[in-house]
Amino acid sequence: MSLTRNLQAFGRFVLAAVALASLLSSIWLGLHDHVPAGTLLAGLGLLLLAFVQLSRFKHIKGLGFEAELWESKQEEAAELITQTRALLKILSGAMLRSAPRMGRMMAGFDRREQLALAADVETALKAAGVPQSEYGGMRDEIDRLIAWDLAEPVTRAITKFVRARGDEVRKENVQKFGSPIRDTEGFAAEHRKLQKLNLSATDPNHLKDVPRPLWADSLRKHIEAIPLTDAASRAGLARSQDEALKDLLAWTTDRTIRRPDVFFGPEPSE
């Protein structure tokens with residue numbers, strides 16, 4: 001009997017070691033653009049972990065098995081469920097955080113696949129009984145980068161507008177102050193204004209401290225405040241970006257892709 005118990009304990013140890021190695025490998029694969037293989041290994045690891053735990057239950061044939069499982073082993077079963085749920089949360093978080101980065105390396109998931117992955121993982125977590133309060137923040141990296149993608153065309157248009165106006169101002173200053181410069185103080189004052197204009201060029205990183213639901217409104221205010229420009233040109237820029245700003249607002253407030261044909265379509269050429 002002692003030899004049998006030792007063999008059973010050794011077998012459980014081996015299975016547990018393989019399960020742990022599978023789970024760690026799945027996380028490594030997920031972070032190195034091999035999510036399908038990582039998911040397969042994660043499933044294998046969880047299955048082996050469940051088998052290791054269940055192998056410790058008493059095996060009694062007939063109706064007595066169910067009674068023994070509930071009455072004598074319910075504490076171990078609850079612990080197993082807790083462990084599996086915790087592992088599922090960790091692996092799901094790793095998958096969600098690695099997916100958007102893979103898309104930016106020209107491999108792995110595209111935008112549509114990223115959103116589908118997030119939806120599938122949320123469904124699995126709900127089915128496993130994980131409260132939404134515990135997994136709601138896991139997909140934040142995908143949500144943030146999609147908002148970044150929706151804001152980027154607007155900031156690119158702002159920067160293009162600012163640079164074009166900057167070229168005009170530089171030419172006006174040359175005509176006004178001559179070359180060589182006749183009025184250095186006046187030129188310096190105008191140059192400071194030009195520097196403020198150049199600082200109006202932007203990208204989505206400038207929104208990092210702004211609450212995400214306010215991104216669209218922040219960009220509209222940014223356009224209104226561009227210096228050395230007239231109201232009509234600023235209004236024209238705002239009108240040209242109105243649809244893109246509505247897309248951004250829909251995502252940051254309702255997590256809705258307002259124009260799927262545009263968002264999931266090919267990247268616009270410059």
Side-chain angles (χ1 to χ4, degrees), residues 100-101 103-106 110-111 114 140-270:
R101 291 186 176 88
R104 279 163 168 68
M105 292 187 289
M106 305 303 291
D110 58 23
R111 289 169 170 174
Q114 288 173 21
D140 187 67
E141 184 73 356
I142 285 180
D143 289 352
R144 184 185 69 80
L145 288 172
I146 287 177
W148 200 101
D149 287 344
L150 289 167
E152 198 271 338
V154 181
T155 60
R156 187 170 61 237
I158 292 173
T159 297
K160 183 178 180 180
F161 175 83
V162 166
R163 288 175 178 170
R165 177 57 183 150
D167 290 340
E168 293 175 354
V169 171
R170 274 187 287 273
K171 292 178 181 178
E172 292 171 1
N173 287 343
V174 169
Q175 292 177 352
K176 183 176 180 179
F177 296 102
S179 180
I181 298 171
R182 294 185 296 270
D183 178 3
T184 56
E185 291 185 1
F187 180 83
E190 292 300 322
H191 185 69
R192 285 192 292 271
K193 294 179 183 179
L194 178 59
Q195 287 179 318
K196 290 183 180 179
L197 172 64
N198 291 334
L199 290 175
S200 297
T202 186
D203 63 55
N205 286 322
H206 294 167
L207 296 167
K208 63 182 180 180
D209 296 325
V210 178
R212 212 169 295 157
L214 301 180
W215 278 21
D217 185 58
S218 178
L219 287 173
R220 288 187 186 277
K221 291 179 179 178
H222 187 96
I223 291 173
E224 293 173 1
I226 297 175
L228 294 182
T229 56
D230 57 79
S233 63
R234 294 194 299 271
L237 174 62
R239 281 194 303 272
S240 71
Q241 299 305 308
D242 187 60
E243 291 299 314
L245 287 167
K246 288 178 180 177
D247 292 343
L248 176 60
L249 181 63
W251 177 256
T252 55
T253 55
D254 299 323
R255 200 189 281 173
T256 300
I257 299 299
R258 179 172 167 266
R259 294 186 295 169
D261 55 326
V262 174
F263 185 72
F264 295 125
E267 293 288 334
S269 57
E270 290 293 336

Exercise. Do the side chains of Thr229 and Phe161 get nearer than 4.5 Å, heavy atoms only?
Worked result: yes
Exercise. Salt-bridged, Glu190 to Lys193, with N to O below 4.0 Å?
Worked result: yes
In a table with atom names and distances, give each donor-acceptor pair under 3.5 Å that connects a side chain of residues 221-228 to protein atoms at least two apart or in another chain.
{"residue": "Lys221", "atom": "NZ", "partner": "Asp217", "partner atom": "OD2", "Å": "3.3"}
{"residue": "His222", "atom": "NE2", "partner": "Ser200", "partner atom": "O", "Å": "2.7"}

Exercise. Got more than 12 heavy atoms from elsewhere within 6.0 Å of CZ, Arg163?
Worked result: no
Exercise. If we only count heavy atoms from C-beta on, is the Trp215 to Leu245 side-chain gap below 4.5 Å?
Worked result: no
Anything under 3.5 Å between a donor and an acceptor, one on a side chain of residues 252-261, the other on a protein residue two or more places apart or in another chain? List them.
{"residue": "Thr252", "atom": "OG1", "partner": "Leu248", "partner atom": "O", "Å": "2.9"}
{"residue": "Thr252", "atom": "OG1", "partner": "Leu249", "partner atom": "O", "Å": "3.4"}
{"residue": "Thr253", "atom": "OG1", "partner": "Leu249", "partner atom": "O", "Å": "2.5"}
{"residue": "Arg255", "atom": "NE", "partner": "Asp143", "partner atom": "OD2", "Å": "3.4"}
{"residue": "Arg255", "atom": "NH2", "partner": "Asp143", "partner atom": "OD2", "Å": "3.2"}
{"residue": "Thr256", "atom": "OG1", "partner": "Asp254", "partner atom": "O", "Å": "3.3"}
{"residue": "Arg258", "atom": "NH1", "partner": "Glu243", "partner atom": "O", "Å": "3.3"}
{"residue": "Arg258", "atom": "NH1", "partner": "Glu243", "partner atom": "OE1", "Å": "3.0"}
{"residue": "Arg258", "atom": "NH1", "partner": "Asp247", "partner atom": "OD1", "Å": "2.7"}
{"residue": "Arg258", "atom": "NH2", "partner": "Glu243", "partner atom": "OE1", "Å": "2.7"}
{"residue": "Arg259", "atom": "NE", "partner": "Asp247", "partner atom": "OD1", "Å": "3.2"}
{"residue": "Arg259", "atom": "NE", "partner": "Asp247", "partner atom": "OD2", "Å": "2.7"}
{"residue": "Arg259", "atom": "NH2", "partner": "Asp247", "partner atom": "OD2", "Å": "2.6"}

For this session: Under the side-chain contact (heavy atoms from CB on, under 4.5 Å) rule, what do Thr184 and Phe177 come out as? Steps first, then yes or no, please.
Result: CA-CA 8 Å; Thr184 56; Phe177 296 102; over 6 Å; no
Exercise. Are any non-hydrogen side-chain atoms of Asn173 and His191 less than 4.5 angstrom apart?
Worked result: no
Problem set entry | Atom of Ser218, atom of Leu207 and distance for their closest heavy-atom approach | OG-CD2, 3.7 Å
Exercise. Minimum heavy-atom separation for Thr155 to Glu152, with atom names?
Worked result: OG1-O, 2.9 Å
Seminar exercise, completed: Heavy-atom nearest pair, Ala147 first then Arg212, reads CB-CD, 3.9 Å
Exercise. Does the pair Arg239/Asp242 count as a salt bridge with the N-to-O cut at 4.0 Å?
Worked result: no
Problem set entry | Residues Glu172, Lys176: salt bridge by 4.0 Å N-O rule | no
Problem set entry | Between CG on residue Asp149 and CZ on residue Phe263, distance to nearest 0.5 Å | 5.5 Å
Exercise. Counting distance only, does the side-chain N/O of Trp251 pair as donor-acceptor with the main-chain N or O of Leu150 below 3.5 Å?
Worked result: no
Exercise. Do the non-hydrogen side-chain atoms of Asp203 and Thr159 ever get within less than 4.5 Å of each other?
Worked result: no
Exercise. Just how far is it from atom CZ of Arg192 to atom CG of Leu197, taken to the nearest 0.5 Å?
Worked result: 15.5 Å
Exercise. Are Leu237 and Arg234 close enough, and set up right, to give a side-chain contact (heavy atoms from CB on, under 4.5 Å), and what steps lead you there?
Worked result: CA-CA 5 Å; Leu237 174 62; Arg234 294 194 299 271; 5.6 Å; no
